[in-house]
Amino acid sequence: MNESINDSPVITSDQLLTAEQAEILSILFNEIIPASDDGVMPGAGELDLISYLQAQTPEVVSAIKEATGFFDTEFPTKSAAERHQRVVEFSVAEPEIFNELLFQSYACYYQNDRVLKGLGLSSGAPFPQGNSVDSGDLTSLDKVVENAKGYRRV
């Protein structure tokens, strides 16, 4: 592909997407997981999913960038029903990319502090102080010892 700098937007190393691609993906993510009507739960498009993907699964990012080509420049301005229909068409035409996008959207979404708080859960590590284990009481292991086979028998 021999395009000059004047023919296409320049994407620097710290700019993963063009503004148009970012807008399309934001709307696409919001179609997958929309915001709640009361505003407590954000839409997936409000989260920084691309940075999450870049850190967790960078090999997926290029496929998702290419997926934006499925949506025309008018996609962001279409009605909700038209956008939804186009996302359904995308899911049928590109099921592997769509399923990966769906999986990664959920993975990112349900790790977000705002989402966790909206669900009534605390954010952060579940046991920041560690777990306490009573020393000396091994009765909880009795069943394991009873069922032990071969080398596991004590």
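Counting from 1, the numbers follow the sequence of the chain as shown.
Although no hydrogens or angles enter the test, the distance criterion places no donor-acceptor pair under 3.5 Å between the side chain of S26 and the main chain of A22.
Heavy atoms of other residues, nucleotides or ligands lying less than 6.0 angstrom from CD of E96 number 12 at most.
Here E74 contributes atom CD and K78 contributes atom NZ; the two are 7.0 Å apart, rounded to the nearest 0.5 Å. The distance from the CD atom of E23 to the OG1 atom of T73 is 10.0 Å, given to the nearest 0.5 Å. Between the CD1 atom in I24 and the CG atom in D72 there is a gap of 7.5 Å [rounded to 0.5 Å]. Taking CD of E59 as the reference point, atom CD of Q54 lies at 9.5 Å (rounded to 0.5 Å). Considering CG of N112 and NZ of K117, their distance stands at 9.5 Å, rounded to 0.5 Å. Here the CD atom belonging to Q85 is positioned 11.0 Å from the CD atom belonging to E31, to the nearest 0.5 angstrom.
The side chain to side chain contact (heavy atoms under 4.5 Å, CB included) test with R83 singles out one residue from I27, T77, V88, and that residue is I27.
For T139, the side-chain hydrogen bond (donor to acceptor under 3.5 Å, both in side chains) partners two or more places apart in sequence, or in a different chain, are D137. Every residue two or more places apart in sequence or in another chain was checked for a side-chain hydrogen bond (donor to acceptor under 3.5 Å, both in side chains) with D37, and none qualifies.
Contact record, M41 with V115: CE-CG1, 3.6 Å, taken as the closest heavy-atom pair. Taking all atoms of both residues into account, the shortest heavy-atom contact from S105 to L49 is OG-CD2, 3.6 Å. In terms of heavy atoms, A67 sits closest to I97 at CB-CG2, 3.9 Å. Listed here is the closest heavy atom pair of L101 and I64: CD1-CD1, 3.6 Å. Between V40 and G118, the shortest heavy-atom contact is CG1-CA, 3.7 Å.
V92 and I32 are assigned to two separate hydrophobic clusters, defined by single-linkage of ILVMFWY side chains at heavy-atom distances under 4.5 Å. Under the 4.5 Å side-chain heavy-atom criterion for Ile, Leu, Val, Met, Phe, Trp and Tyr, L47 and F103 are members of distinct hydrophobic clusters.
Using a cutoff of 4.0 Å between basic side-chain nitrogens and carboxylate oxygens, E46 and R114 are scored as salt-bridged.
Sorted by first and then second residue, the ring pair (Phe, Tyr, Trp, His ring centres under 6.0 Å) pairs with a member in residues 24-75 read F70-F90, F71-F75, F71-F90; sequence neighbours excluded.
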